[in-house]
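Here is the naming used below: chain letters follow the sequence lines, and residue numbers restart at 1 for every chain.
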Number of protein chains: 2
Amino acid sequence: MDDIQNILARNVHQARQEKGTSQEDLAGLTGIDRTYVSGIERGIRNPSIKIVAKIADVLRIAPSDLLVL
Amino acid sequence: MDDIQNILARNVHQARQEKGTSQEDLAGLTGIDRTYVSGIERGIRNPSIKIVAKIADVLRIAPSDLLVL
DNA sequence: ATGTGACTTGTAGTCCGTG
DNA sequence: ACACGGACTACAAGTCACA
């Protein structure tokens, strides 16, 4: 399975780890619920592009980078 | 205003025009309603990443390309 | 062929918790 | 610090008539 949700999941997880931040910190900084962040990184959520933009903003990367294979 | 919705709007519109396809054709090929496609290109919709992936697939570009500034 | 408003239904997204 | 679940609420998904 290599659908768009799993691509996002991998990219968010990797970018977050590289910044050394926890899911809870990311949640706090983005204003997104911690359980929702967890769901995104597990590939079981289908977020809107606004959510993607918020995460990208906090991680200081381009939104498009979160969708690259 | 240069938010994520307008970025997507511009990219979808441009990529679609370059392929020479109408909104109706894009709607038919993606299975998305014509008026919803219209809303995306006007930047008033906040679609999920699955919707973005469907459109990218039909336009034969990477999903990430639809989010680049 | 497309823009737009007004919907209804499904799910995105939140908030409480547990192990 | 994270996975996972239940019960919500907000908003995206999807449709229509009309310009």
Side-chain angles (χ1 to χ4, degrees):
Chain A
M1 284 281 283
D2 208 42
D3 63 5
I4 192 72
Q5 297 187 17
N6 285 307
I7 292 171
L8 178 69
R10 185 166 22 78
N11 289 332
V12 170
H13 184 75
Q14 183 175 343
R16 180 178 63 79
Q17 295 279 33
E18 286 173 358
K19 299 289 177 182
T21 72
S22 67
Q23 286 184 355
E24 287 181 346
D25 287 343
L26 180 57
L29 291 168
T30 53
I32 301 169
D33 193 77
R34 62 178 174 79
T35 65
Y36 197 65
V37 171
S38 170
I40 288 173
E41 288 199 11
R42 281 181 287 136
I44 63 173
R45 291 289 187 166
N46 177 32
S48 70
I49 59 172
K50 274 189 179 175
I51 295 284
V52 173
K54 275 188 193 172
I55 295 173
D57 190 48
V58 167
L59 294 177
R60 300 184 191 193
I61 57 180
S64 58
D65 286 345
L66 290 175
L67 294 187
V68 294
L69 185 66
Chain B
M1 284 282 282
D2 207 42
D3 63 5
I4 193 72
Q5 297 188 18
N6 286 307
I7 291 171
L8 178 69
R10 184 166 21 78
N11 289 331
V12 170
H13 183 75
Q14 182 174 342
R16 180 177 62 78
Q17 295 278 32
E18 286 172 357
K19 299 289 175 182
T21 71
S22 66
Q23 286 184 356
E24 284 185 343
D25 288 342
L26 180 57
L29 291 167
T30 53
I32 302 170
D33 192 78
R34 174 188 75 75
T35 65
Y36 195 72
V37 172
S38 171
I40 289 173
E41 288 198 13
R42 282 180 290 135
I44 64 172
R45 294 282 189 165
N46 178 30
S48 71
I49 58 173
K50 274 189 179 175
I51 296 284
V52 173
K54 275 188 195 173
I55 295 173
D57 189 47
V58 167
L59 293 177
R60 297 183 195 180
I61 57 181
S64 59
D65 286 345
L66 290 176
L67 293 187
V68 294
L69 185 66

Subject >> Heavy-atom closest contact (B:Ala9 atom, B:Gly43 atom, distance) >> reply: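 Looking at all heavy atoms of both residues, the shortest contact is CB-N, 3.8 Å.
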**OP:** Mind checking the CZ-OG spacing from A:Arg34 to A:Ser22? Nearest 0.5 Å is all I need.
**Re:**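 Reported to 0.5 Å precision, the distance equals 11.0 Å.
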**OP:** Can you measure from CD1 (B:Ile40) to CG (B:Leu26) and round to the nearest 0.5 angstrom?
**Re:**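 With rounding to 0.5 Å, CD1 (B:Ile40) is 8.5 Å from CG (B:Leu26).
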Subject >> Nucleic acid contacts of residues 7-22 of chain A, taken as heavy-atom distances under 4.0 Å to DNA chain C >> reply: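 Heavy-atom contacts with DNA chain C come from no residue of residues 7-22 of chain A; none.
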Subject >> Interface with DNA chain C, restricted to residues 56-69 of chain A and to heavy atoms under 4.0 Å >> reply: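 Within this stretch, nothing sits under 4.0 Å of the strand.
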Original post:
Which residue pairs pass the salt bridge (charged side-chain N to carboxylate O under 4.0 Å, His left out) test with at least one member in residues 19-29 of chain A, sequence neighbours excluded?
Top reply: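 Non-adjacent pairs meeting salt bridge (charged side-chain N to carboxylate O under 4.0 Å, His left out): zero.
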**OP:** Give the stems involving DNA chain C, where a stem is 3 or more consecutive Watson-Crick or G-U wobble pairs (i with j, i+1 with j-1, and so on) under 3.5 Å.
**Re:**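 The stems are C:2-7 with D:14-19, C:9-19 with D:2-12.
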Original post:
Where along nucleotides 10-19 of chain C does protein come under 4.0 Å, by heavy atom, of base (B) or sugar-phosphate alone (S), with - for untouched nucleotides?
Top reply: --SBBBBB--
Tell me every residue that passes side-chain hydrogen bond (donor to acceptor under 3.5 Å, both in side chains) with [X], counting only those two or more places apart in sequence or in another chain.
| X | answer |
| --- | --- |
| B:Glu41 | B:His13, B:Arg16, B:Gln23 |
| B:Arg42 | B:Ser38 |
| B:Thr30 | none |
| B:Asn11 | none |

Show me the side-chain donor-acceptor pairs of residues 51-69 of chain A shorter than 3.5 Å, one per line, residues at least two apart or across chains.
none

Original post:
Are B:Ile44 and B:Ile7 co-members of a hydrophobic cluster defined by side-chain heavy atoms under 4.5 Å apart?
Top reply: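 No; tracing contacts between hydrophobic side chains, which count when under 4.5 Å, never links both residues.
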Original post:
Same cluster for B:Ile4 and A:Val37 if Ile/Leu/Val/Met/Phe/Trp/Tyr side chains link at under 4.5 Å?
Top reply: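 Yes, same cluster.
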Subject >> Whole-angstrom distance between D:dC18 and C:dA1, as gauged at atom C1' >> reply: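 Nearest-Å result for D:dC18 against C:dA1 at atom C1': 14 Å.
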**OP:** Evaluate the criterion side chain to side chain contact (heavy atoms under 4.5 Å, CB included) for residue pair A:Asn6 and A:Asp3; output intermediate values, then yes/no.
**Re:** CA-CA 6 Å; A:Asn6 285 307; A:Asp3 63 5; 2.9 Å; yes
Original post:
So do the side chains of B:Pro47 and B:Ile32 get within less than 4.5 Å of each other, counting heavy atoms only?
Top reply: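 No, side chains not in contact.
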Original post:
By a strict heavy-atom criterion of less than 4.0 Å, which residues belonging to residues 23-30 of chain A are in contact with DNA chain D?
Top reply: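 Listed by number, they are A:Gln23, A:Glu24.
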